[in-house]
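Reading through the structure tokens given below for one structure.
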Amino acid sequence: MNLSLLLKNFPHEKTLETLPRAYINHSVQFKKICSPEMRTKVLEEVGLNIFYFPSEMVTGCDLLSDSGVTTMTSEQWAALHKGDEAYGSNAGYFLLRDQIRETFGEDFWHIETEESPNAFLFHQGRAAEDAFFSHIGKLGDNLIIPSNGHFDTTEANITANKIEPQNLFCEEFKDESSSSYFKGNMHIGRLQSLLETSANRIPLVFLTITNNTGGGQPVSLQNIREVAELLHSYDIPLFLDACRFAENAWFIQQHESEYQEKRIPAIVKEIFSHGDGFTMSFKKDGLVNMGGGLFIKHGGLFHKKYPKMLDDLMNYQIMKEGHPTYGGLSGRDIMTLVYGLKQVTEEEYLTARIRQVQNFGKTLADAGVPVLQPFGGHAVYIDMNRFFAGTKMTPGDFGGISFTALLLAGYGHRACELGNFAFGSYDSVSQKETFPEVNFVRLAVPRLRYEEQDLTAAAQAIQKLFENRDKIPPVDVIYGKELSLRHFKARFRFRA
Ligand code: F0G
């Protein structure tokens, strides 16, 4: 009997509950053996600040960030060896230029030797933000930069240049009962009102895709289009914070009906057709360990309004990072990025990546842990207000910090508080804390690094802490409560 006819008697591979991963392990690294007692001692020594805890002692999952922790593919490791470390116009520079043009659109890397470049490479995202906002800050006083949700370094770079950042989260974001797939959207009504009163104070608007501060939620193409049209009617450019652009495109394909038949690369092109520029940390959807960039669309609204800024940016880049043909990157970094960008828009990769995050979230939700739903692309967010509801924990007790310390010491998994402590602030004069709109602990999943078993182990540990949440004590901040970006620096102690 013919094999294909024979196979028709059996269920199709895609109908099975568990599908094999879209990749294999190319090389592995064994972890150090480390007991809860050893982890406890060291965590106490670093004042319960998980940023200072040695990563070698993380025996479970390191979910501190999805940034720069991607396991690279064998193509990338091979390309790394072809890195050209020349001081000017290294071989990878030309490959990267072609790849950026192919991925995002030709106008984001204009090839014209007589003009200043419009593509600027930096060593990571925040260096690109620094260069950009320090120039935007010179455009006037009392400026505002609205966003659907600024990331913390973006916000810090904006305020450092005396500009006011504003977050216009959409309504569905705060509505637990909403099943919207695009809770990362910008609130169009609030944007409209802001434009009516303050358009002259807004040099540009940022859309973060996906919205990391807003729970890693995606932004719909409809929202991107509507924001762009509204802004352009006021002659205001739109910029994208594009760190997780490919993951955002995957959500658009899955959940926006008119894009279901479209391939990811075409969706990416359409997203960027609405932007007048973008900043990017390649440590996320560049699938590399280091890299960032600022790209200003040639002939776009921003370029037309501020043509001279390109030359100023180039001078700044040369002064701070390096010549535009390498920016802040080594030739080998550039080579790995070329291949990372080729891989990241592959559907099989994105499906495997995002399904892994979603399965992890579902395991937690099934165990009763209050997590933000639907799940975003790169992380699962635990809502700490709901986690501690019904216990004695108050906002100023920083239960999220207590939780991350216990998870790390007791079970070896590292998570990050992004809530009342990280985004709150303390005013030394009034001696009052101000708390943010959201109070999360984030479990960020590194790309291509862990297997389902690892994440299930983390979910089980979190479940145990949740079941025993009334035994989790508050922490006192023993250092750094009044500092800016305080979560990176502060030290804590469990209250007796
Ligand atoms: N924008 C967003 C949305 C980010 O998530 C990050 C970094 C940056 C900008 C800055 O990029 O790290 O290359 O300087 N996010 C990491 C995180 C650190 O853990 O979410 P960078």
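Indexing begins at 1, ligand by ligand and atom by atom, following the structure's order. Reckoned from all heavy atoms, side chains included, excluding hydrogens, waters and symmetry mates.
Note: no N/O pair closer than 3.5 Å links Asp66 and ligand 1 by distance alone. The N/O atoms of Arg244, backbone and side chain alike, include one that comes under 3.5 Å of an N/O atom in ligand 1.
Of the protein's heavy atoms, Arg126 NH2, 2.8 Å lies nearest to atom 12 (O) of ligand 1. Among protein heavy atoms, the minimum distance from atom 9 (C) of ligand 1 is reached at Glu129 OE2, 3.1 Å. The nearest heavy-atom contact from the protein to atom 1 (N) of ligand 1 is Asp241 OD2, 2.7 Å. Residue, atom and distance of the protein heavy atom nearest to atom 10 (C) of ligand 1 are Thr153 OG1, 3.5 Å.
A donor-acceptor contact shorter than 3.5 Å links the side chain of Asn90 to the backbone of Gly92. Using modelled atom types, no side-chain atom of Arg449 and backbone atom of Thr71 make a donor-acceptor pair closer than 3.5 Å.
In this model, no donor atom of one side chain and acceptor atom of the other lie less than 3.5 Å apart for Gln253 and Lys262.
By the ring-ring contact (aromatic ring centres under 6.0 Å, His included) test, Phe488 pairs with Phe51, sequence neighbours left out. In this structure, Ser402 has no side chain to side chain donor-acceptor pair (under 3.5 Å) partners at least two apart in sequence or on a different chain.
The distance from ligand 1 to the heavy atoms of Ser281 drops below 4.0 Å at these ligand atoms: 11 (O), 13 (O), 21 (P). With ligand atoms numbered from 1 in the order given, ligand 1 contributes 11 (O), 13 (O), 14 (O), 21 (P) to contacts under 4.0 Å with heavy atoms of Gly125. Of all atoms in ligand 1, numbered sequentially from 1 with element shown, those under 4.0 Å from a heavy atom of Thr208 are 3 (C).
Glu270 and Arg225 are joined by a salt bridge, as a carboxylate oxygen and a charged side-chain nitrogen come within less than 4.0 angstrom of each other.
Between the SG atom of Cys170 and the CG atom of Asn223 there is a distance of 7.5 Å, given to the nearest 0.5 Å.
Among Phe151, Phe282, Phe206, the residue whose heavy atom lies closest to atom 8 (C) of ligand 1 is Phe151. Remark: among candidates Met290, Lys284, Lys283, the nearest residue to atom 16 (C) of ligand 1 is Lys284, based on non-hydrogen atoms.
In this structure, Ala444 falls outside the shell of residues with a heavy atom less than 4.0 angstrom from ligand 1.
The closest side-chain heavy-atom distance from Glu164 to Arg201 is below 4.5 Å.
Here the two rings, on Phe466 and Phe387, have centers that are under 6.0 Å apart.
Neither the backbone nor the side chain of His378 comes within contact range of ligand 1; no heavy atom lies under 4.0 Å.
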